[in-house]
Each structure stands twice: as C-alpha cells, then as structure tokens.
Amino acid sequence: MALLNVDIDWLRTFLTVLETQSFTRTAEILLRTQPAISQQIKRLEETVGTPLVSRHRNQIVPTATGLVVKSYAEGIIGLNDRMVADLLDGAPPILRIGLPDDYAAIFLPEILRSAALRLPQTEISCHSGYSIDLGKRVAQGVLDLAIMTAEPDRDSLHVISEPLVWVAHPDFALNQRPMPVAVYHDQCSVRKSGLAALHDHKIDYRVSHSSNANSMLVTAVRGGHAIGVMPACTARHEGLRIVKDTNLPDLPPIDIALKIRDQASPAIRELALGAIAALGRENRTG
C-alpha cells in the first residue's frame with residue numbers, strides 16, 4: 001500500500017475552520033482567500049476518502065472521520081509548532097503586547113488567558129498607545145503583537161468590526177452650541193471620525209475634554225460635561241448611555257485588527273491566532 005502524505009497546512013486549515021466556525025474567518029486568520037481555504041478542505045477530504053465536515057443548524061460539525069482527523073491533527077500541529085519553537089527560540093522570556101487604552105479592558109483578558117495556557121513561563125509586558133504608533137512599533141520589532149484599529153493598506157489580521165457610537169449622560173443637553181465633545185488626542189482615528197461627522201453635519205462643536213486615557217474621557221461623559229464618541233464595545237463595557245438621536249450624524253464603523261511582528265516565534269503566532277479566533281467568537285455570540 002502506497003503511503004500518503006497529508007499536507008500540514010491542510011490540517012491547520014481544518015482545525016481553524018472548526019475553531020472559528022467560518023471559512024471566511026479562517027481565510028482572514030490564515031491570510032488566504034476563501035476559495036483557497038475551501039480547496040484545502042476538499043483536498044484533505046479527497047486524501048482520506050470521505051467528508052470531514054457537515055453543516056448542522058448553521059454550525060460546522062466534524063463527521064465521525066472528521067473527529068478522528070481532528071484528534072490526530074491537533075497532535076501533529078502541536079508537535080510541529082513545538083519542534084519549530086524549540087529549534088528557533090522557543091517560548092520567549094518576554095511577550096510585548098500593545099493596545100490602545102480603551103481596548104485593553106475588552107481584549108486583553110483573552111490574550112492573557114491564552115498566554116497563561118500557551119506561554120506559562122513568559123513575562124507579559126503590556127504597552128498602551130495610539131493604533132498608528134502601535135502598528136509602527138510592531139513593524140520595527142519593538143512590540144511582538146498589537147490589538148489596534150486597522151490601518152488602511154497595512155497588513156494585519158481582522159478581529160472584529162465595531163460601530164462607533166455617541167455616548168452622553170441622560171441629562172446632557174444635545175442642543176448646546178457649540179456642543180462640548182470629549183475625544184482622544186489628535187492621532188486617534190476615532191476622534192477624527194467623530195469630529196468629521198459633526199463638521200459634515202454642520203453641527204457647531206468645541207473639544208472640551210481630550211486625553212489619551214480612556215478613564216478620563218469616560219469620567220467627563222459620565223459627569224455630563226461632554227458628549228463622547230467611542231466604539232460600541234467600549235461604551236458597553238463602561239456602562240455608558242449610547243445616544244440615538246436623529247439630530248446627531250451617523251458614524252462609520254471601525255475595523256479592529258491584530259498585527260504580529262514578522263520575526264515572531266511560532267509560539268507567539270500560535271497564541272495570537274488562538275486569541276483572535278476566540279475574540280471573533282465572542283463578538284459573534286456577544
């Protein structure tokens with residue numbers, strides 16, 4: 001009987017499809033096209049001679065053979081990644097993570113959970129900053145990975161899309177002119193989107209509060225001193241009142257992404273991909 005060789009990329013794709021429950025998300029995570037992901041699953045099924053997944057109530061479910069392949073694939077990929085990590089630099093002594101201040105409380109817990117499982121002996125060094133700066137620091141190798149607002153025309157892994165929302169105290173007077181606004185400092189894309197919307201809607205405003213610390217802006221909004229603009233996930237996490245008023249302009253969504261250092265070890269990449277898949281699931285079910 002001739003021996004068959006199963007491409008490890010097919011196995012990684014198969015496991016990622018089961019984890020993300022989405023061919024589209026798998027394509028985003030593995031930086032491939034969706035047709036390429038479908039083709040890899042098809043070739044894996046042709047190799048073993050039977051279907052490996054089926055759809056049941058909008059879920060991607062492994063078949064009986066798929067469960068067997070899944071069990072072996074987890075072991076094969078785990079051994080592969082551990083071998084590569086050991087041959088290169090293994091688990092890093094320090095993992096340097098960057099996030100904007102308002103994303104930290106939302107996304108950092110899942111990354112820390114993944115790090116505790118995958119890199120239990122590694123020191124986690126967390127850094128705050130603006131997305132544009134964090135992306136540059138990852139590219140320069142100063143940070144290993146960053147969760148940030150996606151930058152146009154820059155490589156990153158999509159995590160979620162979030163609507164921007166207006167937030168204000170229930171007693172805040174929306175008819176104030178100029179309208180006091182609490183926003184981040186100049187480099188923040190959320191600030192630029194909010195102020196541009198007010199300008200295009202011809203609403204007279206003034207920046208009454210600005211900071212690079214989310215807690216300070218939340219305090220200004222919660223105290224009724226200003227209206228704020230922020231991602232919906234941040235507003236929900238802080239328990240702020242989202243303002244839905246036809247006199248306020250609509251706001252565009254933002255894409256939140258993960259960027260990994262080019263020379264990151266397999267251990268870091270495995271952690272990042274596991275975290276991004278979990279964050280994507282939480283967003284779909286939350």
Side-chain angles (χ1 to χ4, degrees), residues 16 20 25 27-31 81 85 88-89 91-119 122-164 183-193 211-215 217 230-234 237-238 252-283:
T16 307
T20 63
R25 289 283 301 150
E28 293 171 350
I29 289 171
L30 299 182
L31 298 180
D81 290 349
L88 296 177
D89 56 355
I94 299 178
L95 174 62
R96 302 157 302 175
I97 303 172
L99 305 91
D101 183 61
D102 56 327
Y103 292 173
I106 301 166
F107 299 113
L108 191 56
E110 179 57 39
I111 295 178
L112 295 183
R113 188 192 69 81
S114 296
L117 293 173
R118 292 174 167 86
L119 304 172
T122 296
E123 174 187 339
I124 310 300
S125 177
C126 300
H127 304 258
S128 179
Y130 290 112
S131 293
I132 188 170
D133 292 331
L134 294 173
K136 291 177 181 176
R137 293 169 73 185
V138 172
Q140 294 165 354
V142 177
L143 296 175
D144 295 303
L145 58 91
I147 292 280
M148 58 188 203
T149 303
E151 304 170 64
D153 304 322
R154 298 209 177 181
D155 291 336
S156 57
L157 304 175
H158 181 265
V159 178
I160 60 173
S161 292
E162 272 292 301
L164 292 180
V183 287
Y184 283 98
H185 287 157
D186 291 343
Q187 297 184 68
C188 177
S189 58
V190 173
R191 170 194 174 113
K192 293 175 183 176
S193 295
S211 176
N212 61 357
N214 187 61
S215 59
L217 299 182
M230 59 184 59
C233 58
T234 303
H237 179 80
E238 297 292 346
I254 59 169
D255 290 323
I256 298 174
L258 184 146
K259 188 173 180 65
I260 308 172
R261 178 169 63 93
D262 287 342
Q263 292 77 32
S265 70
I268 291 177
R269 290 184 177 276
E270 181 190 4
L271 179 149
L273 294 179
I276 197 175
L279 291 168
R281 282 198 307 274
E282 286 183 3
N283 182 64

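We're numbering straight along the sequence, starting at 1.
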Nearest atoms (heavy-atom pairs only) where Y103 meets P231: CE2-CG, 4.0 Å
Could you work out, with side-chain contact (heavy atoms from CB on, under 4.5 Å) as the rule, every residue matching E28, not counting sequence neighbours? T24, R25, H158
So, applying side-chain contact (heavy atoms from CB on, under 4.5 Å) with R137, which one of I132, D144, V142 is it? V142
Could you walk me through whether I254 and L164 pass the side chain to side chain contact (heavy atoms under 4.5 Å, CB included) test, one step at a time? CA-CA 7 Å; I254 59 169; L164 292 180; 3.9 Å; yes
Measure the CG-CG distance between L99 and L145 for me, rounded to the nearest 0.5 Å. 8.0 Å
F107 versus I256: any side-chain heavy-atom pair under 4.5 Å? yes
CG (D101) and CG (L217) are apart, to the nearest 0.5 Å, by 8.5 Å
List the atom of D186, the atom of K192, and the distance in Å for their closest heavy-atom pair. O-CE, 3.4 Å
Do E162 side-chain atoms and C233 backbone N/O form a donor-acceptor pair below 3.5 Å? yes
Heavy-atom nearest pair, S131 first then M148, reads OG-CB, 3.5 Å
With sequence neighbours left out, the residues meeting side-chain contact (heavy atoms from CB on, under 4.5 Å) with H237 are A105, I106
Write down the atom of H127, the atom of L134, and the distance for their closest heavy-atom approach. O-CD2, 4.4 Å
With sequence neighbours excluded, tell me which residues meet side-chain contact (heavy atoms from CB on, under 4.5 Å) with I124. L95, I97, L112, A115, T122, C126
Exam field: side chain D102 to backbone N214, donor-acceptor pair closer than 3.5 Å: no
Has R96 got a side-chain atom pairing as donor or acceptor with S125's backbone, closer than 3.5 angstrom? no
For the residue pair C188 and Y130, what are the closest heavy atoms and their distance? CB-CE2, 3.8 Å
